[in-house]
2 protein chains.
Amino acid sequence: MAKTTLKSLAAVLNMSVSTVSKALNDSYEISESTKQRVKDFAKKLDYQPNVLAQSLKTGKTQTIGVILPKMTSPFESQILEGMQLTASALHYKIVIMSSMEHEETERIALQSMVNKAVDGLLFCPIHERSNVDLAKQIFNKTPVVIFDRTDYPLETHKVGVLNAEGTFSACKHLFEIKRKKIAIFCGTNQGITAKRLAGYRQAHQQFNLDVVPEYIVFCAIKSIEDLHLQMEQHIVRLLKLPNPPEAIIGASDTITTHLLGVLAKLEINVPERIAVVGFANTDLALSLNPSLSTIRQPTKDIGAIAVRKLVEVINKTNRSQIEWEEINLPTSIQLRRSTIG
Amino acid sequence: MAKTTLKSLAAVLNMSVSTVSKALNDSYEISESTKQRVKDFAKKLDYQPNVLAQSLKTGKTQTIGVILPKMTSPFESQILEGMQLTASALHYKIVIMSSMEHEETERIALQSMVNKAVDGLLFCPIHERSNVDLAKQIFNKTPVVIFDRTDYPLETHKVGVLNAEGTFSACKHLFEIKRKKIAIFCGTNQGITAKRLAGYRQAHQQFNLDVVPEYIVFCAIKSIEDLHLQMEQHIVRLLKLPNPPEAIIGASDTITTHLLGVLAKLEINVPERIAVVGFANTDLALSLNPSLSTIRQPTKDIGAIAVRKLVEVINKTNRSQIEWEEINLPTSIQLRRSTIG
DNA sequence: TTGTAGGCGTTATCAT
DNA sequence: ATGATAACGCCTACAA
């Protein structure tokens, strides 16, 4: 089953390679009759153009690469969905590589994206200092747009959300329902965490409330089991304080959703004893125990806008004087039983 | 910032292209000193081989393509993780394309995978008749392994799970805790659903219990909202039966997890009134309402084995006489409060 | 040890 | 309207 190429097609048809190529590409300089003949044969012999050769020649791959740290939560899946939808509308394909929160894996992924395998790159770095030099090198040759973790030292378009605003609204809501003592459970993702913490502080300031240092908790997410353990210990510790918190904000998707499991295990009533709200894009919020109040990120939009901005750059002939934008989309808050009983 | 190529490197170094190429590839026919000089310059000028050209020449891309219907649930993410881990151990990269449960998108994805853009393909079709002809064409030129939805008319390696066994154990467990009246909520994915239903029937037969036709429910999953609605109606209907069921088995991840939300909304006590168990690979089982008994699929293994079998085929020079295997891995059942109170 | 030349499968320019 | 030819960037016999 030798593969059909332009050459073999040309041989069978007794025509030159260039004629066949033009015919298949509907060139105006080819007669309808030959076009038809060529296309018929192409179909019959199952001709598939070799994209590698095509891209090598044209310098375009019509492919966008996506590198992101993980795709284990709905947050990432939803972003990817948004990207794919928009990309295919713009006639681009999407190829995805996960860095698995692992710097070396990320390096390999970035490497493989350079090399003109893609026309542009959508990149969510594992943290703000990972593979910066490599990213800059790539950026010299290939358009890059950073998404989600926008705290990354690369001067280009960035698409994320208003993180501080998210925690701010959560605090505001909790204050309004008379929960003034709010703990916050953070992951270690520095830039984003910092902003979400900032929103937490701002809210306290605005409502003239002191921030209790003990209420700010950091968890390293190595494994789910380990995370459960850490959170359990923190919760136990917090509840022993003279002034135990009446609410917990989860500063990341993973933390927020698993928080409920830990509280359930400790038999702590939510929201009676501890109200819970946090960043979470799961559509399982209704099935959770109890139904979970969430700060939602506009994931589809993040994906869509990231693609659009990237394609914009790809199509720009004069990349040198683009004004790089940082686009931060608003979050929304959905109240359910975990805060309002 | 003109890109460095072998040619430009050679020019700078006053050497021939082939010498530079060989030096960079550590050919034995090049002296250490020139190798060093070449590599130094390559690094200095930030030389990145053009993978397109490389692959075009060698016919190998060291890349495996993955096409799957969606990646919105942990089930898929976990499979992808398993694939990536194994692939990178075998020096392959993974590129992922989602068909989004959409036949046309799947076609495009398949098309783009043909064309020698990948050395092999891991394919989970959206259903058992989607793009079969195209898949066969591809299969003629590129190794393909089917995973998860193994009910697909392509003679090749297939990796999935023992679906019937999963529902069988679930029924058995429910029977043992004296829940003999079991409804089953199925998605529309035909092959897998059929097998899971078969397991349900087998269990009934083995325990000398009749299958009640009304207990077998099909839901089309168009959107989460719609699914909730459908399930709600079915549950209401079932509970009005003279012999209402005492348990529900969810025959797919989505159905199982969302089932809890619907039951919660209807204020039906789980497990007191209705016990729930079903296929689900979420690690949120503990945070659910109540904690969810699950039939777990060995997702990492599915991914790992699929990659291994595929690479096996890729490396086979004589593909014509491979004995195709269907590998079905056992599921495991994890009991939590949704069945045992 | 190094260089020359051909080709991978396309597309594009320029003749015919 | 069709064909010859070069080029994309790389690898690899084969020559020197």
Side-chain angles (χ1 to χ4, degrees), chain A residues 1-39 41-42 45-63 111-112 114-119 141-142, chain B residues 1-39 41-42 45-63 111-112 114-119 141-142:
Chain A
M1 187 80 56
K3 53 209 134 199
T4 310
T5 67
L6 280 189
K7 209 193 213 172
S8 70
L9 257 184
V12 176
L13 286 159
N14 259 323
M15 306 202 289
S16 76
V17 173
S18 57
T19 307
V20 177
S21 169
K22 285 172 188 166
L24 290 172
N25 290 318
D26 262 329
S27 163
Y28 65 97
E29 24 179 7
I30 300 291
S31 70
E32 273 311 318
S33 59
T34 31
K35 274 188 192 171
Q36 212 42 60
R37 233 164 67 75
V38 170
K39 287 180 181 171
F41 265 80
L45 298 185
D46 184 28
Y47 168 70
Q48 304 284 3
N50 181 319
V51 280
L52 263 45
Q54 257 173 188
S55 301
L56 178 59
K57 183 64 196 174
T58 61
K60 298 246 113 206
T61 63
Q62 291 302 117
T63 299
Q111 284 288 6
S112 74
V114 192
N115 317 350
K116 290 308 317 150
V118 297
D119 292 345
K141 298 179 184 130
T142 309
Chain B
M1 187 77 56
K3 52 209 137 198
T4 311
T5 68
L6 279 190
K7 207 192 213 171
S8 70
L9 256 185
V12 176
L13 286 159
N14 258 319
M15 307 203 288
S16 77
V17 173
S18 64
T19 306
V20 176
S21 168
K22 286 173 187 168
L24 290 173
N25 289 319
D26 262 331
S27 163
Y28 64 97
E29 26 180 2
I30 301 292
S31 70
E32 273 311 315
S33 58
T34 30
K35 275 187 192 172
Q36 211 43 59
R37 233 164 66 78
V38 170
K39 286 181 183 172
F41 263 80
L45 299 186
D46 185 27
Y47 168 70
Q48 303 283 5
N50 180 319
V51 280
L52 263 45
Q54 249 171 197
S55 301
L56 178 59
K57 181 64 196 174
T58 62
K60 299 246 111 203
T61 62
Q62 291 302 119
T63 300
Q111 284 288 7
S112 74
V114 193
N115 315 353
K116 288 307 323 154
V118 296
D119 293 344
K141 298 178 184 133
T142 309

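Fair warning: this is a prediction, and the values are worked out from it, not measured in the lab. Protein chains get the first letters and strands the later ones, always in sequence-line order, with residue 1 at the start of each.
Rounded to a whole Å, the CG atom of A:L52 is 11 Å from the P atom of C:dG9. Distance A:K22 NZ to C:dC14 P: 12 Å, rounded to the nearest Å. The interatomic distance linking B:N50 (CG) with C:dG9 (C1') rounds to 14 Å, in whole Å. Separating the CG atom of B:L24 from the P atom of C:dT2 is a distance of 13 Å, rounded to the nearest angstrom. Atom C1' of nucleotide C:dA12 and atom NZ of A:K60 are separated by 17 Å, given to the nearest angstrom.
Distances from the side chain of A:S21 to the nucleotides C:dT11, C:dG9, D:dC8 place C:dT11 closest. With D:dC10, C:dG3, D:dG9 as the candidates, the nucleotide lying closest to the side chain of B:S18 is C:dG3. Among the nucleotides D:dT2, D:dG3, C:dT11, the one closest to any side-chain atom of A:M15 is D:dG3.
With hydrogens and angles ignored, no donor-acceptor pair under 3.5 angstrom links the side chain of A:T58 to the base of C:dT11. No hydrogens or angles were tested; on distance alone, nothing pairs the side chain of B:K57 with the base of C:dG9 as donor and acceptor under 3.5 Å. Counting atom types as modelled, A:S16 pairs no side-chain N or O with a base atom of D:dA4 as donor and acceptor under 3.5 Å.
Where B:A53 and B:Y28 each meet DNA chain C at their nearest nucleotide, the meeting point lying more 5' is that of B:Y28. Both A:S31 and B:K7 lie near DNA chain D, and the one whose nearest nucleotide falls closer to the 5' end is A:S31.
Counting non-hydrogen atoms under 4.0 angstrom, B:Q54 reaches the backbone sugars and phosphates but no base. Using a 4.0 Å heavy-atom cutoff across all strands shown, B:L6 reaches sugar-phosphate atoms only and no base atom. As judged by a 4.0 angstrom heavy-atom cut-off over every strand, A:T5 is placed among residues touching the sugar-phosphate backbone only. Residue A:Q48 is in sugar-phosphate contact alone, with no base atom involved, counting any heavy-atom pair closer than 4.0 Å across all strands shown.
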